[in-house]
Structures are given as C-alpha cells and as structure tokens.
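Take a look at the structure below.
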Amino acid sequence: MQSNKVDYVYPFSKSTKLESGVKTSYVSSDNDQQFFDVSNGTAVNDETKTNHFIYNEYNYAGYLNYSKEWKKWDAQIGLRGEQTKIKTQQIKGNQKFDTSYFQLFPSAFVNYKLKEDQTVGLSVSRRIDRPNYSNLNPFLYLIDVSTYGSGNTALKPQFTWSYELNYTVKQLNFTLGYSHTKDVENVVIAKFKDVFPNIHLADSNVTVEIPVNLNTSDYFGLTVSAPVHVTKWWNMINNVNVYYNHFNGN
C-alpha cells in the first residue's frame, strides 16, 4: 500500500479559515493460495481449492473546507472529489474486472449555542463504502456439503446520504439521525444453479453465499449518550440506541 497526502490551511482570521488538500493512494494485493492433496504420498495440486487473485486499487482525491465561527454559531461546508480505479484478475479462468468512477461528496455542519451548557447542531453529508477485495474475488470455495461461497466482481460501491440533528445539554447528548443508502452491499444465500447456471451439480439443493448490491436501505435512529460520575473512582458512559432499518431489494 502507498499513500501520499498534502494539506493546506489558510486562516482568514481567528474565526474563519479555508482548508484544502489532495491525496493519492494505491493498494495492491497478490493472493496466491495453493492447496495440495498428499493422501497418496505425492503432493498433487488441488485445482478445486487453489486460487490466484490479483487486486489493484487507485484513488485520487481532493477537498475544500470552509469554516467560520460567530458568538453563538459555528459552521463548516466542504466538498470532496474522488476518482477511483479498480482492476482485478483471477488467474484461474483468466477472469478480469476493470472499473473506474468519479464522485463528489458534499458536507455541511452547523452548531448553535442556546446557552452556555446547551448546544444544538445539524449536519448533512454524503459518503462512500467500497467493497473489499475479498468480496470481489469470484473464486468458488466449499463451505460445507451443501453450501459454497464466492465473491462477486460486479459489486458496486454503496453511497449514503446522512442527516443528523444533535442536542447537547451539559454532558447529556441526543442524536436523531436518518440515512439513505443506494446499492447496499449485503450477503445473500441463493440457489447454486441460479448463480452459476453453467456449472452442473448433481444435488439441486446446493446453495451459495455471495455478496450482492440491494437497491436501497433507509435508517432511522435515536442515540442517547449519558456519562455518569458515580464516585471519585467510578465513571460510567451509558449509551442507548433505538433504530429502524428498512432494506429494499431482491
């Protein structure tokens, strides 16, 4: 893995500043798994388990953040742009995957001090979660007598718009949040013949675990954080999280 980053901060005043930066990263993985059958005294390559998977990921990003403080207000707005390129290759069968995409990620945060010990805040942001290289690996492996596992080269990154309303009084914090995610990554169990119609198995009840992209998900949640000072030697941090999550997909 290689990473390079440059940041620049320009203060217009004590309460106002502009931040900018660029970052490049490169991740490479060469996973060569070799299995041998030695039951007959001679090591023979087991082609059903041996797998050689090559993964390369390139990321180029740049950002701008502007922040300002007033007597009771503070705010920040930002924009980040990312160019991503992913190339994978499974040597067995010479399966290749090549994708490239550019995305923008805006964000905004506003806080208002109601009183000395009371603050309310609002934030909105967009983020990305990329599939890891193991989930992109299409190698088929045996989990048990009726279940296989496999990665999916067609996996797409998931994108989330997140909204939060915060209220803090003394040390008590309440957060009300909502987020909407597109192309949600999840692991499903499907019939083997539906996923791999060209591979014949005698048992029609065999299934396969495979990561896929669902259409969308919606999250609604309320989080309460309440630190408590019990004694001089005992501090407690108590958290309660109530949420509802709805998934939409096949």
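Computed from heavy atoms alone, side chains included, the values below leave out hydrogens, waters and symmetry copies. The structure presented is a predicted model; accordingly, all values stated were derived computationally and were not measured.
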Side chains of T175 and N173, donor plus acceptor under 3.5 Å: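 Yes, N173 and T175 have a side-chain donor paired with an acceptor closer than 3.5 Å.
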
Side-chain donor-acceptor pair under 3.5 Å between T42 and N40, yes or no?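 The answer is no; no qualifying pair exists.
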
Under a single-linkage definition using a 4.5 Å side-chain heavy-atom cutoff for Ile, Leu, Val, Met, Phe, Trp and Tyr, are [X] and [Y] assigned to the same hydrophobic cluster?
X: V169; Y: Y112; value: yes
X: I86; Y: Y58; value: no
X: L165; Y: F174; value: yes

Y178 and ring pair (Phe, Tyr, Trp, His ring centres under 6.0 Å): which partner among F220, W161, Y244, Y219?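 That would be F220.
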
Salt bridge check: are K96 and D98 linked by an N-O gap of less than 4.0 Å?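 No, no charged N to carboxylate O under 4.0 Å.
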
Salt bridge (charged side-chain N to carboxylate O under 4.0 Å, His left out) partners of E82, counting only residues at least two apart: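 Here the qualifying residues are R80, R130.
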
Verify the neighbour count for atom [atom1] of [X]: are there more than 12 heavy atoms of other residues, nucleotides or ligands below 6.0 Å?
X: K68; atom1: NZ; result: yes
X: Y243; atom1: OH; result: no
X: I237; atom1: CD1; result: no
X: Y10; atom1: OH; result: no
X: Y133; atom1: OH; result: no

Search all heavy atoms of S20 against all heavy atoms of L64 and return the closest pair with its distance.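 Heavy atoms only, the tightest pair is CB-CD2, 3.4 Å.
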
Could you tell me whether the side chain of T50 and the main chain of F35 form a donor-acceptor pair under 3.5 Å?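 The answer is yes, because a donor-acceptor pair under 3.5 Å joins these two groups.
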
Share the residues that join V38 in a hydrophobic cluster, the rule being Ile, Leu, Val, Met, Phe, Trp or Tyr side chains under 4.5 Å apart at the heavy-atom level.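 V38 clusters with nothing; isolated.
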
So which of N135, N132, N152 actually passes side-chain hydrogen bond (donor to acceptor under 3.5 Å, both in side chains) with E185?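 Output: one option passes, namely N135.
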
Please lay out, stage by stage, how Y55 and E57 fare under the test side-chain hydrogen bond (donor to acceptor under 3.5 Å, both in side chains). CA-CA 7 Å; Y55 177 88; E57 180 182 306; 2.4 Å; yes

Run the ring-centre check on F192 versus Y148 and record whether the distance is less than 6.0 Å.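 Yes, the ring centres sit under 6.0 Å apart.
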
Using the rule given for side chain to side chain contact (heavy atoms under 4.5 Å, CB included), can you reason through Y66 versus L79, listing the C-alpha separation, both sets of side-chain angles and the distance that settles it, and then say yes or no? CA-CA 9 Å; Y66 177 81; L79 181 65; over 6 Å; no

